[in-house]
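One structure is given here, and the rest of the page talks about it.
Note that the structure is a prediction, hence the values are computed from the model and not measured.
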Amino acid sequence: MVIRSINLETVCGITSKLPANEKPEIAFAGKSNVGKSSLINALMNRKSYARISATPGKTQTINFYNINEELYLVDLPGYGYAKVSEEEKRQWGKLIERYLHASGQLQAVFLLIDSRHAPSANDKMMYQWIVEQGFAPIIIATKLDKLKRSQVQKHIKMIKEGLDLVPGTRVIPFSSVTKQGREEIWELVETEYLGKTEVEMNGK
């Protein structure tokens, strides 16, 4: 994907009305501090368009990034941050649930899992919940650069077994440092969710 234009078009809080977009939406979910903003910045080919914070739990809104007037990358609030009140967690959960139910343009949900660790209880719950909503989430194993090359396959297997993935679920190893996985994600989005051919993708 050649990025020609980016616009943070809509920011939805707990009480906001969700936008009635007419372009395909690709959503990204993951626990706090899993590297969601870093991934979205890498996909957009920008260093800091999506805000990156050292403080987990910072993304409290759903952010809609309009890419090339073709599609939206949708950044969902991070889950599982211990220092946030139970009420706030519940409100964020309701916001995510409302979006997954109400969006008429949602094509795919990418679920980010930290490749260094076994999936948490919150990760497992989110994966099962997304599946129950009728989606087949694509797993992105983040922070790949923190692993030794010899560890990668073992950790990917740990994620697959930990989440008890539906057979055939795609797992994409990703690093925001080396950009490994970026092209694979875009190729998947363009061919499967935007319906582009290889000629269209390469002809830009």
Kindly determine whether Arg170 and Ile139 satisfy side chain to side chain contact (heavy atoms under 4.5 Å, CB included), including the steps that lead there.
CA-CA 6 Å; Arg170 193 154 179 177; Ile139 307 302; over 6 Å; no

So, do [X] and [Y] sit near enough that their side-chain heavy atoms are less than 4.5 Å apart?
{"X": "Leu163", "Y": "Ile113", "value": "yes"}
{"X": "Leu18", "Y": "Tyr99", "value": "yes"}
{"X": "Phe174", "Y": "Lys143", "value": "no"}
{"X": "Met44", "Y": "Ile67", "value": "yes"}

Could you state the interatomic distance from [atom1] ([X]) to [atom2] ([Y]), rounded to the nearest 0.5 Å?
{"X": "Asp145", "Y": "Thr178", "atom1": "CG", "atom2": "OG1", "answer": "6.0 Å"}
{"X": "Leu43", "Y": "Tyr65", "atom1": "CG", "atom2": "OH", "answer": "11.5 Å"}
{"X": "Arg182", "Y": "Met1", "atom1": "CZ", "atom2": "CE", "answer": "9.5 Å"}

Counting distance only, does the side-chain N/O of [X] pair as donor-acceptor with the main-chain N or O of [Y] below 3.5 Å?
{"X": "Thr142", "Y": "Gly35", "answer": "no"}
{"X": "Thr169", "Y": "Leu165", "answer": "no"}
{"X": "Arg98", "Y": "Ile96", "answer": "no"}
{"X": "Gln107", "Y": "Gln105", "answer": "yes"}
{"X": "Gln151", "Y": "Lys148", "answer": "yes"}
{"X": "Asn41", "Y": "Ser38", "answer": "no"}

[X] and [Y]: which non-hydrogen atoms are nearest, and at how many Å?
{"X": "Val2", "Y": "Asn68", "value": "O-ND2, 2.8 Å"}
{"X": "Lys36", "Y": "Ala29", "value": "CD-C, 3.8 Å"}
{"X": "Ala141", "Y": "Ile159", "value": "CB-CD1, 3.8 Å"}
{"X": "Leu144", "Y": "Pro173", "value": "CD2-CB, 3.7 Å"}
{"X": "Phe135", "Y": "Pro137", "value": "O-CD, 3.2 Å"}
{"X": "Glu69", "Y": "Ser5", "value": "N-OG, 4.0 Å"}

In terms of ring plane angle, is the pair Phe110 and Phe28 parallel, tilted or perpendicular, where the classes change at 30° and 60°?
parallel

For Glu87, I'd like to know if atom CD has over 12 heavy atoms of other residues, nucleotides or ligands within 6.0 Å.
yes

Give me the one residue out of Leu95, Thr61, Asn63 that meets side chain to side chain contact (heavy atoms under 4.5 Å, CB included) with Pro77.
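It is Leu95, the one option of Leu95, Thr61, Asn63 that forms the side chain to side chain contact (heavy atoms under 4.5 Å, CB included) with Pro77.
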
Paired with Met158, the side chain to side chain contact (heavy atoms under 4.5 Å, CB included) test is passed by just one of His155, Glu161, Lys160, namely His155

Ignoring hydrogens and angles, state whether a donor on the side chain of Tyr72 or Glu9 is under 3.5 Å from an acceptor on the partner side chain.
yes

When you compare the side chains of Ser103 and Glu25, does any donor N or O come within less than 3.5 Å of an acceptor on the partner?
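Yes, Glu25 and Ser103 have a side-chain donor paired with an acceptor closer than 3.5 Å.
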
Lys179 with Glu184: basic N within carboxylate O range, under 4.0 Å
no

May I ask you to decide whether Glu70 forms a salt bridge with Lys23, counting only side-chain N to carboxylate O separations under 4.0 Å?
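Salt bridge absent between Glu70 and Lys23.
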
List for me each residue that meets ring pair (Phe, Tyr, Trp, His ring centres under 6.0 Å) alongside Tyr127, sequence neighbours excluded, and say none if there are none.
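Ring pair (Phe, Tyr, Trp, His ring centres under 6.0 Å) list for Tyr127, sorted by chain: empty.
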
